[in-house]
Number of protein chains: 2
Amino acid sequence: MTDAEYVSIWMRPERPARGPRPAYSRAQITEAAIRIADAEGLEAATMRRIAAEIGAGAMSLYRYVPSRDDLVMLMADRLMGEIDVEGVPSGDWRADLTRYAYEVRAMWLRHPWIATVQRSLPSLGPNQLLLIERLMGVLDAHVSIDENLALMAILNGYVEGAVREEISSAEELRRSGLSEPEWMARSYPYIQQLVKSGKYPIFTKIVMEARQPHLSRDDQFRYGLERVLDCIAAALPSTARREGREARGD
Amino acid sequence: MTDAEYVSIWMRPERPARGPRPAYSRAQITEAAIRIADAEGLEAATMRRIAAEIGAGAMSLYRYVPSRDDLVMLMADRLMGEIDVEGVPSGDWRADLTRYAYEVRAMWLRHPWIATVQRSLPSLGPNQLLLIERLMGVLDAHVSIDENLALMAILNGYVEGAVREEISSAEELRRSGLSEPEWMARSYPYIQQLVKSGKYPIFTKIVMEARQPHLSRDDQFRYGLERVLDCIAAALPSTARREGREARGD
DNA sequence: CCTCCACTGGGTACGGCGTACGCATTTATG
DNA sequence: CATAAATGCGTACGCCGTACCCAGTGGAGG
């Protein structure tokens, strides 16, 4: 960062030639960091803590990774590798996108701290890139690149937004360090006050619904997803719409 | 946080009774913090920096706000107050939701750091609550609360996802502290290498499209938004669909 | 009017963070 | 075998959020 020598983490080779054998590896460090983040949140994955996890000194990590921010990029891309899209595109676009959505949701639920990391163009790692190729390949033959981008923005937006909501309460609980009943007892008075004030009728309905839900979390997610897929179907040319149905034997 | 005295920031009164007149206020502190975050990012809005901005000592802020996390909640809710939904619901649901979407997008572009703050149930402030009432009020008469939640998840997901993408490059640039041409020069080799490798044909198309876009950012956003609104229209009972059109005189 | 004490602003200090720098050690290459 | 490159990592610096403390202020009770 000080002078002109910055290059993206993805272009920086892991191992040079000479010298003693490295005792650790980027993959090992990334894995340890993910383990800690899963258990205690991303903020707990400090350089010292990660180093301790693998039995190294804190400063040793910098032989493998230029900065913590870069390490977080590695972690995020490692997570993208968990999304299994083997065999996509398969010809049945609706099945492909459904599978993608559930894979993403499952991954976010396993690693909720991903919600706090920013993604952007130069942070695109190999796994993320491969995922883009696969995902956008699903509709590539049927629509223009602009349309494809817009439709995937809707799909991704829905999936990420929905799972963010699922995560948020659990994360707040974890961050507070309280047990669940304790945390409920803390939050309850505020919610209760809002409901009792009578000024927020719709919010009240939401709380009531959340207390005794008609649909499971999974069904809620599924319902919104089907709406999104209907929306995508409507934007496709009729030939492509048919294709999906035929592949599934409707 | 140490013992059982935690209460939500929204239930904590700003001013007690006795003693000398406070020299500052929550609103003033929140405003100063937002000003700094807008200019230099949320991470620049440290307690010391905010205090300096209003001419106070660092520790004085804690007379008004229990912690930095609570201050960030105040900041986020202040931002929700910028979203102008006066007169919503108006009877024309499509116009209402369009206006909401553009208001949210404009606010995010003014305060891109909002992308990094987590929202959750007990962090709901008065402005956020009012917004929920207004927004969900738009479709409340036409659909069940479950359906309403699902449809708003799609709308919000799309809007936030789309604006996140618009923001991300600009934020990365700011965080790097580089000038735009410098930053381009740094990022270019990596993107170039990906394109030249030939392994990412769709990513290449996206880069080409981004280089010479057919649609402006606004038109891209509008296109996706119209798709989302079509999707919502399809989920409404026919009576409600007609209502919107009549109110606009179609 | 005086006394009391809840409240104020804010200085000092602590533990923890990311990481710059330097040093002794190891090993592939000439 | 000498050299240079790369290793692990201890020390140290500047920043962060914030606990604790204290002197000063001004409304309430006598």
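Chain naming here is simple, since letters A, B, ... match the order of the sequence lines and numbering starts at 1 in each. Being a predicted model, the structure only gives us computed values, none of them experimental.
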Is it the case that B/E171 and B/S168 place a side-chain donor and acceptor less than 3.5 Å from each other?
-> no
Using atom types as modelled, flag every donor-acceptor pair under 3.5 Å from a side chain in residues 39-49 of chain B to any protein atom, sequence neighbours excluded.
residue: B/E40; atom: OE1; partner: B/R49; partner atom: NH2; Å: 3.3
residue: B/E40; atom: OE2; partner: B/R49; partner atom: NH2; Å: 2.3
residue: B/T46; atom: OG1; partner: B/R49; partner atom: N; Å: 3.1

If a protein heavy atom is under 4.0 Å from the base, mark B; if only from the sugar-phosphate, S; if neither, -; do that for nucleotides 4-10 of chain D going 5' to 3'.
-> BSBBBBB
Hey, are the side chains of A/N127 and A/E82 touching, using non-hydrogen atoms and a 4.5 Å cut-off?
-> no
Under 3.5 Å side-chain donor-acceptor pair for B/Y102 and B/D218 | no
What residues form a side-chain contact (heavy atoms from CB on, under 4.5 Å) with A/E165, not counting sequence neighbours?
-> none
So which protein N/O to nucleotides 14-17 of chain D N/O distances come out below 3.5 Å?
residue: D/dC16; atom: OP1; partner: B/T46; partner atom: OG1; Å: 3.4
residue: D/dG17; atom: OP1; partner: B/R68; partner atom: NE; Å: 2.9
residue: D/dG17; atom: OP2; partner: B/M47; partner atom: N; Å: 3.0
residue: D/dG17; atom: N7; partner: B/R48; partner atom: NH2; Å: 2.6
residue: D/dG17; atom: O6; partner: B/R48; partner atom: NH2; Å: 2.8

Could you pull out all donor-acceptor pairs under 3.5 Å where a side-chain atom in residues 56-65 of chain A meets a protein atom, sequence neighbours excluded?
residue: A/S60; atom: OG; partner: A/G57; partner atom: O; Å: 3.3
residue: A/Y64; atom: OH; partner: A/A23; partner atom: N; Å: 3.3
residue: A/Y64; atom: OH; partner: A/Y24; partner atom: N; Å: 3.1

Mind checking what makes side-chain contact (heavy atoms from CB on, under 4.5 Å) contact with A/A101, not counting sequence neighbours?
-> A/V159, A/F221, A/L225
Provide, to the nearest angstrom, the distance between the CD atom belonging to B/Q28 and the P atom belonging to C/dT8.
-> 14 Å
Does B/R119 reach the side chain of B/M73, with side-chain heavy atoms less than 4.5 Å apart?
-> no
For A/E40 and C/dC17, what is the distance between atoms CD and C1' respectively, to the nearest whole Å?
-> 16 Å
